[in-house]
Amino acid sequence: VRRVESERLMAAPMLDADGGWQIAANAPLQAVYAWDACPEVLHWSLSGALTWQERNETTVGRALKSVSLAPVFVAALLALRASVTDGDKEVPLPQYLGEPSLLSGPVGVKVAPADGARTCGKASVARTPADRPIVAAVACVSVRDGKVTEAEIALTGVWQQPVGVAAAGALLLGKPLTEESIAQVAAAVEAEVRPNSNFLGSEEYRRAMSGVLARRALTECLKGAAA
Amino acid sequence: MADKSVEAKLNVNGEEKVFSVTGGETLLDALRRYGYVSVKRGCATGDCGSCTVLMDGEPVRSCMLPAVQVEGHAIETVEGMSAEGELHPLQEAFVEAGAIQCGFCTPGQLMVAKALLEENPAPTEAEIREAMNGVLCRCTGYVRIVDAVQQAAAVMRGEEKQFERVVRLPLQEDVKKLGLPEAAYRKGEDRDPLPVVVLTPPEMPKTERVGAPQTKVDGVKLVRGRAVFTDDVPLEGMLHAALLTSPHANARIVRIDASKARALPGVHAVLTHEDIPRIKHATGGQSYPNLPPYDQVCLDDRVRFVGDRVAVVAAETQQIANKALRLIEVEYEVLPPVLDMEEAVRDGAPMVHDEDDTGGIYDAKHNIVHHIAKEVGDVDAAMAAADHVFEGEYYTPKQQHAHIEPHVCITYWDEDDRLVIRTSTQVPFHIRRMVAPLIGLPVKQIRVVKPRIGGGFGNKQEMLVEDLAAHLTLATGRPVRFEYTRRQEFTSSRSRHPMIMRYKVGIKDNKMVAAELRLIGDTGAYGTHALTVTMVGGFKGLTLYNPPNARFLCDSVYTNTPPTGAYRGYGAMQCQFGMEVLMEEIAEKLGLDVVQFKRDNWLKLGEPMHLATKLGEGREGFEQSMKTSGMAQCVDVGLEVTDFYAKRETYAKQEGRLRRGIGMSVMIHGSGIAGLDMAAATLKMNDDGSFNLLMGATDIGTGSDTILAQMAAEVLGIPVEDLIVYSSDTDFTPFDVGAYASSTTYISGGAVVKAAQEIKRQVQEHAALILGYDAPEKMELRDRQVFTPDGRSVTLEEVALSSLHQDNQHQIMATASHISYDSPPPTAAQFAEVTVDTETGQVTVDRLLMVADPGRVINPITAAGQVEGGLSHALGFAHCEEMLFGEDGQMLNPRLGPYRIYSSAESPMMDVIFVETDEPTGPFGAKSVSELSMDGVAPAMASAIHNATGVWMRKLPYTPETVWRALRAAE
């Protein structure tokens, strides 16, 4: 059962002067969804399986504390290299997900400006279009002077919680983003993930989908960069 | 320690309120306790959204919010939408568009739609579907809900847009000359709801009330959120029941000690098998005598599935009742379970029923509850003489009904010491007869009241809660409310029989000359409906193409899984799936046009249904032949509007990741159970010329009250508004078997028409007396008057006043009964268009079109709603729904979310075209429509997936991994 506070219905994400942005802990996911400047990948992560009601009832802080509430949203934040804030304290999101006790209060989100031009892509597979994804992949790639400066790939459905596949993403750094490099990374993603089976998908299927969907997400980044 | 109450101040519908609530109480429970009963409890787990209210203008699920934390907020419920008496444009639109079927989710839908239109006065179709995605509807398929929101938006914007909802066209042989609306071809991107197209043979008699898009007679009270459902009317001193269920799939109860639970303050009764007489019975709501086996008792010392009954509690509050369950000590001797239907019949498999007091099991040692072996002609000889013999094996899953209103009943003693059972049931008369011996009361001391029902789909054709609630009222003397939790709906109610079908078909000169179906049906732990579901499956599966030589061999098998039962489709959808996919496979192998191959073989007009006498739904059947069929026209129309052949050819040549496919199937169903289903109706004239229409027919949201009133209105020449419809109450309405077997339009309609005709005769006679006319049979009833051929008239009000108070005084009334030895098959063609992602296996359904022949369409809007709702169930069956179990028999997905029923945002375009026929045995030519819509989606999807990928998918549902594996295997 989730708490809904009156102030949070007014909370809204804020753009920083340097192009980064922050979302307060008490902002409902609906405020993020309706935010004019919401990155498309973040908006997508709040669509489909998450209903209007769920977005109203779930704050950003709550979504980060209980990642099963909005796992694709958390994956999108991972791909955006978000950090988690509690007052003056700031912790990278992957670190926080591994050890939530690092921050005691309700946590907000901060996303720093990209090192270059950032494009994002996403892909998922589900039983039906608005079902919770069996596996979802979100990738964000920053490119400067034709070379990748930042690359983050995050997945849901391949671990107990949304997870970034850091080693695979690192393969892209310092190189141009190409179909060939994407294929290498997709294979690396499959090798890196450690999924568990459940009734929605076997370990084998989830592993295969991690590669397929990471490739699709990165290919969307490539198209975005080209555009 | 009991939770302390605190005061919470909130504004509800503009009024300041102070609620006294406990810390653990949800906003949902608090609102209902304070009388805001439009707010519905469908799951209490946040999955269904029927409890949605607006908080500060934003939709939230009241089941997920603690009432104490809503202090200071403004809450809106449906009660506030029309507080001044006038309906909100959304409420009006929901009634006019036919967006309501059972109406249980309607308040939640209205709340979200209101918030949407306040934020976005001109939403697109996609925006409406996205906004409404959090409120599940199991009845409608969402088409008419979208239509209603579009209408309300237009009205609220001040537009005077006319919404054309029905297009009537004369049926012609050349489908290109039909003049179908351009939109029906779906050539652009427009996904807006289409008008329902009704194609009528020119020779069919004209009608006025019948065939009109009459709004539902219960529509207004449902959109107002009035207290019309079982649980909406709390009683003074009412206790709350809770059920303890088995955690084991197979076990004996060695010891049970309820003393601590009984000692808990607030607990009034705890019943175990030690407290209730052991009376063997079957729980399926079927006609007398109920079919064997009688393998159940109210509470047993043996549990046979996870979710089986162990004990039941009645307490002052639900919280105390739930707490008491945890205090019941049960010691189990855990036994090995058998969960697989093929394993269950092997030598040495655990016996699900080893008790010695259950008769009527065919082979208990091998868990075979029924064995059926029926044959017509000489199958072996015909197979031997055939040019080709083809075989195929098919599997269909265990599907749950997922009606949004759970099973719920309230039992109490009335002022005459009669037991009243107010219950959400499809079969009130069967419930009365079946409960009586279990609780030791005569039938005459029991009254069953069926209020509005929040969906049933067959699951409420079962006695699941009424007997235990009655036992608790007998034990306590108090009113008792007993409602299943959503989890119990999955684990402790009923579901669709999983089936393995092995077909063998002989083809000679491209004609099916012989067919054999070896069927295994999994009945779960009890045999309710085990015989009849499989029998119907065999009959329909082998009659669709009706070979003269046919053999049906069936084992209906016990397993330690939740029992299966009646579910819309009732075996026919499973077995027609197998047959239809096999026909497609045969056509491919023989290089035939599959449509022509089916056309050459399907059941023809006048043809005797060869197995009709052998497979009569649990008993010997009656000879039957098809008297009307629109099958050919349905297929032709569908081929035309989908551009089937062109797409089929194009899609077959595709390469790449995303591939589209189109498929089709044909189907038949029945209209009631021949020679068994009986209905009765009573009409009674009032002083003002209006009539009470009293029916045992059980409207469970289908709109049957409305269409039956339309039939009576047609005969009596009155508007439907002059009929006061009441169904059903065992004290006040005549008998009806209930809502199942697609019988209501055909059988109950027959009773209503007969009663109305008798009323008409009485009215004519009395009018003739008033007018001094000597040929009453020549008088015509229309416009609330009775006319002589020479133009003289008297109003119905004058007839009523005269007959009641003045001349030849008597009550004009009539009761009529109806039974039919025919069960005329409605026919249809189903088309499906899909996109298959060949890398992930994900199938997206783009469009479903059903072209259906239900006989005469009594009400095109409610009929289309029935089809769309059926398509939605059938889509889930084919695509995503399956009850799954671990090795220990625990269900893996006992919630609506993980189980997955289709929501609004993801539902494909669903279009409906009717091809009318004039069935001579049906009321005004009607047959049926409800179950027909279940049968064709799965085979049409199989056909479409094959068109897209070249792969035959013989096992349902088509989940991504299943399709992915099939595609990889085919590489």
Where does [X] contact chain A at under 4.5 Å (heavy atoms): side chain, backbone, both or neither?
X: B/Val845; answer: neither
X: B/Glu881; answer: neither
X: B/Leu892; answer: both
X: B/Pro898; answer: both

Open item on the list: Could you walk me through whether A/Ile134 and B/Gln842 satisfy the side chain to side chain contact (heavy atoms under 4.5 Å, CB included) test, starting with their C-alpha distance in whole Å, then the side-chain angles of each, then the deciding distance to 0.1 Å, before giving a yes or no?
Closed with: CA-CA 11 Å; A/Ile134 302 166; B/Gln842 182 170 326; over 6 Å; no
Open item on the list: Only heavy atoms, only distances under 4.5 angstrom. Which residues in residues 212-227 of chain A are near chain B?
Closed with: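 Checking residues 212-227 of chain A against chain B gives A/Val212, A/Leu213, A/Arg215, A/Arg216.
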For the [atom1] atom of [X] and the [atom2] atom of [Y], what is their distance to the nearest 0.5 Å?
X: A/Phe199; Y: B/Met891; atom1: CZ; atom2: CE; value: 8.5 Å
X: A/Thr58; Y: B/Met64; atom1: OG1; atom2: CE; value: 8.5 Å
X: A/Arg132; Y: B/Arg900; atom1: CZ; atom2: CZ; value: 10.0 Å

Task: Atom of A/Val125, atom of B/Pro960 and distance for their closest heavy-atom approach - done: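 Result for this residue pair: CG2-CB, 3.9 Å.
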TODO: Determine the minimum heavy-atom distance between B/Pro59 and A/Asn56, stating which atoms define it.
DONE: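 Heavy atoms only, the tightest pair is O-ND2, 2.8 Å.
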Task: Donor-acceptor under 3.5 Å (A/Glu57 side chain, B/Leu65 main chain) - done: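 Answer holds: no.
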Task: Any donor-acceptor pair under 3.5 Å from B/Asn133 side chain to A/Gly48 backbone - done: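 Present.
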With chain A as the partner, which of [options] has the greatest number of non-hydrogen pairs under 4.5 Å?
options: B/Leu875, B/Thr959, B/Thr52; answer: B/Thr52
options: B/Gly49, B/Ala115, B/Gly897, B/Gly72; answer: B/Ala115
options: B/Gly46, B/Ala905, B/Ala131, B/Ser903; answer: B/Ala131

Task: Greater than 12 external heavy atoms within 6.0 Å of B/Arg660's CZ - done: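 Yes - once you tally the heavy atoms of other residues, nucleotides and ligands closer than 6.0 Å, there are more than 12.
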TODO: Let me see the working for B/Tyr902 and A/Asp131 under side chain to side chain contact (heavy atoms under 4.5 Å, CB included), right down to the final yes or no.
DONE: CA-CA 9 Å; B/Tyr902 256 76; A/Asp131 192 11; over 6 Å; no
Would you give me the side-chain donor-acceptor pairs under 3.5 Å for residues 963-971 of chain B, sequence neighbours excluded?
| from | atom 1 | to | atom 2 | distance (Å) |
| --- | --- | --- | --- | --- |
| B/Trp964 | NE1 | B/Glu839 | O | 3.4 |
| B/Arg965 | NE | B/Glu961 | OE2 | 2.9 |
| B/Arg965 | NH1 | A/Glu204 | OE1 | 3.0 |
| B/Arg965 | NH2 | A/Ser202 | OG | 3.2 |
| B/Arg965 | NH2 | A/Glu204 | OE1 | 2.7 |
| B/Arg965 | NH2 | B/Glu961 | OE2 | 2.8 |
| B/Arg968 | NH2 | A/Glu204 | OE2 | 3.1 |

Open item on the list: Is the shortest side-chain heavy-atom distance between B/Glu130 and A/Trp52 below 4.5 Å?
Closed with: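 Contact flag for B/Glu130/A/Trp52 side chains = no.
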